[in-house]
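Note that the structure is predicted; figures quoted are calculated from it, not measured.
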Amino acid sequence: MTKKWWHDKVVYQIYPKSFYDSNGDGIGDIPGIIQKLDYLQDLGIDMLWLSPCYTSPLADEGYDISDYYNIDPRFGTMEDMDRLIAEAKKRNMYILMDLVVNHCSDEHEWFQKACEDPDGTYGNFFYLRDKSDKEPPANWRSYFGGPVWEDLPGTDKQYLHVFHKKQPDLNWENPKLREEVYKNICWWLDKGLGGFRIDAIINIKKALPFRSYEPDREDGLCGIGTMLKEAEGIGTFLSEMRDRTFQKYDAFTVGEVFDEKPEEIKDFIGENGYFSSMFDFNATVFGSGENGWYDARPITPDDYKKCCFESQARTGSIGFLSNIIENHDEPRGASRYIPEKDCCPQSKKLLAALYFMLRGIPFIYQGQELGMENAPFTSIDEIDDISTINEYQTALKAGFSPEKAMQAVSKFSRDNARTPMQWSKDKNAGFTTGTPWLKLNPNYPVINAAAQQDDPDSVLSFYKKLIALRKNPEYKDTLVYGSLEPLWENQHNLMAYYRKGAKTLLVIGNFQQETQTVILPQGNYKLLLNSDSILNIEDSRLTLRGYQVLILAENETAGADMKKTSSIHEC
């Protein structure tokens, strides 16, 4: 594998609207991000991914872009963005932007011109159909519910949108559209971006010609995934985009890719893949309900372990996954993967270590390093997220009471991750001096950055230790490039694996409140990290307390007398 500048990096995702408000209007902004760069540098972050802050009506919180060349005034100015890039560079950090090119906003100039002249140049930037046709060409259900066809204002045509109706899909079959996309990508890279996170990219290739499929719900529609399984040829678009843009700048790219086939992994993230990396969503999609969020199956510690190991085995040494436990589209990882009764700093540290030490690029979502949790939403009136509102309506139609529907969807709501960042116990968690755009999690007086900053036993301090270990020159090569080998796979609620390279490291986590005992493989071990204050080992028997996680390094210099048993030496 050719070594790249981004292989050893740690990435932090910022949701600008909720990160830090510098002017008291209740909305986070770019100047606020600049003010917190030293915090991120102290954490050990190398790259910052910003969710969209382009000009947008915010129908889908910025993922509906009306101008790819401008910053939305809510978030600041282009001068602010230039200053952010420059200030990050001073701290040896790179800025990543969100690349949203499956669709734009219906307020984008292209769409407005398509409405004016649907048979002209810009009409072909979108997928249009004549309303006079008796049946739509496809009975697909949009990701946010309802059919994918919407009337094109002022015309006798309709347009395709696989997300919100204010997010018309761009027609990637049109080379003129692709040229505009590539021009914009290069414009941003010329400004000094380190690269992009690439949104919903698997959707740019539709199965053509359009056709309907067997309905999968009573609404007579079928999910988009059915069509995507038949879509072929996306590689033509993605390889062209790579060659025309990213490759020329040696930019880092991470794709939001779902449902890739095992044989396609090398095409996406191999030596000359379309992207530098792609997210591992194996655990996040686990248990998805066929009918909606209300019938989703909760994930257990053993399920989580299996999901992680499956992804690692499928990818092997082909390329680098980007590992997450949460992001702006998911609930909080601590509330998703840890049983509610056990959600505490100790269990949050375990989850942090188990995902962070996997082979791949570790991503941290804002507040994750503090152990932020799901918010206690009790009414749909508190929700901003359009997907949650749709899933709530779906649950009501399935016969759920409003209370039960709210309970079902609030566990998965994207707003859980979008509540304002908890900086301190001060008013509004130190996020704003104004009125926050979204309700705060009421636990902010206890879970906040100020309270954890100087506490050596805090979740924040533990994340700092994980990042420092990944960057430790003695172990860095192994943690970045080494293989991953599972250990004790069948032991209930225990997740353990080797990282093997120039060194051999062993990660062991007890994913339950009750103690567990394992017999360590013969050898001499050095303790690199312990989430607990206790280390209980007798001969080769290691007893782990509730949610305790250890990271050990095999000591290759041990004498022959140490080979008959196992021992751990603390650093």
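Comment: K183 engages E180 in a salt bridge, judged by a side-chain N to carboxylate O separation of less than 4.0 angstrom. In summary, K206 and E173 do not engage in a salt bridge, as defined by a charged side-chain N under 4.0 Å from a carboxylate O.
Note that the OG1 atom of T419 and the CG atom of N441 stand 5.5 Å from one another [nearest 0.5 Å]. The distance from atom CD1 of I71 to atom OG of S56, rounded to the nearest 0.5 Å, is 11.5 Å. Within the model, atoms NZ of K305 and CD1 of I299 stand 12.5 Å from one another, a figure rounded to the nearest 0.5 Å.
Partner of K166 under the salt bridge (Lys or Arg N to Asp or Glu O under 4.0 Å) criterion, chosen from E150, E107, E61: E107.
In this structure the side chain of F377 reaches within 4.5 angstrom of the side chain of N416, judged on heavy atoms. Contact of the S483 side chain with the E485 side chain is registered, since non-hydrogen atoms from C-beta on lie closer than 4.5 Å. Contact check for F111 versus L152: side-chain heavy atoms found under the 4.5 Å cut-off. Put simply, the side chain of H164 does not reach to within 4.5 Å of the side chain of H103, judged on heavy atoms.
Ring-centre distance between Y63 and H328: below the 6.0 Å cut-off. Note: W187 and Y69 meet the aromatic proximity criterion, with ring centroids under 6.0 Å apart.
Residues passing the salt bridge (charged side-chain N to carboxylate O under 4.0 Å, His left out) test with R197 are D98, D199, E256, sequence neighbours excluded. The salt bridge (charged side-chain N to carboxylate O under 4.0 Å, His left out) search around D280 returns none, not counting sequence neighbours. Evaluation of the salt bridge (charged side-chain N to carboxylate O under 4.0 Å, His left out) rule for K191 yields D82 as partners, not counting sequence neighbours. Residues passing the ring-ring contact (aromatic ring centres under 6.0 Å, His included) test with F144 are F163, sequence neighbours excluded. Applying the ring-ring contact (aromatic ring centres under 6.0 Å, His included) test to Y365 and every residue at least two apart in sequence or in another chain returns nothing. Partners of F75 under the ring-ring contact (aromatic ring centres under 6.0 Å, His included) rule, at least two apart in sequence or in another chain, do not exist in this structure. Partners of Y294 under the ring-ring contact (aromatic ring centres under 6.0 Å, His included) rule, at least two apart in sequence or in another chain, are F400. Considering only residues two or more places apart in sequence or on other chains, D243 meets the salt bridge (charged side-chain N to carboxylate O under 4.0 Å, His left out) condition with none of them.
Taking the six-membered ring where tryptophan is involved, the planes of F210 and Y127 are tilted, since the angle between them lies from 30° to 60°. Relative ring orientation between Y304 and F511 is described as perpendicular, the plane-to-plane angle rising above 60° on a 0-90° scale split at 30° and 60°. Ring-plane geometry between F363 and F279 is classed as perpendicular, the angle between the planes exceeding 60 degrees on a 0 to 90 degree scale with a lower cut at 30. Relative orientation of the F252 and W5 rings is perpendicular, given thresholds of 30° and 60° on the angle between their planes.
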Please list, one pair per line, the donor and acceptor atoms closer than 3.5 Å that link side chains of residues 227-236 to other protein atoms, with sequence neighbours excluded.
residue : atom : partner : partner atom : Å
E230    : OE1  : R211    : NH2          : 3.4
E230    : OE1  : Y213    : OH           : 3.0
E230    : OE2  : R211    : NH2          : 2.7

Can you give me every donor-acceptor pair (side chain of residues 315-325, partner residue at least two apart or in another chain, under 3.5 Å) with its distance?
residue : atom : partner : partner atom : Å
T315    : OG1  : S311    : O            : 2.9
S322    : OG   : S277    : OG           : 2.7
N323    : ND2  : R359    : O            : 3.1

Please table the atom pairs, donor to acceptor, closer than 3.5 Å between any side-chain atom in residues 260-268 and protein atoms at least two apart or in another chain.
residue : atom : partner : partner atom : Å
E264    : OE1  : K261    : N            : 3.0

Margin query: Between Y463 and Q368, does the side-chain contact (heavy atoms from CB on, under 4.5 Å) criterion hold? Intermediate values first, please.
Written below: CA-CA 9 Å; Y463 268 95; Q368 176 187 322; 3.0 Å; yes

Next item on the list: Apply the test side-chain contact (heavy atoms from CB on, under 4.5 Å) to residues R470 and V480: give CA-CA distance (whole Å), side-chain angles for both, the deciding distance (0.1 Å), then the verdict.
Entry: CA-CA 8 Å; R470 180 176 167 84; V480 174; 4.1 Å; yes

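Between the side chains of H108 and Y122, no donor-acceptor pair of N or O atoms lies under 3.5 Å.
The backbone N or O of G371 lies less than 3.5 Å from a partner atom in the side chain of K348, making a donor-acceptor pair.
Annotation: salt bridge (charged side-chain N to carboxylate O under 4.0 Å, His left out) contacts involving residues 322-331, sequence neighbours excluded, comprise E326-R332, D329-R414, D329-R418, E330-R336.
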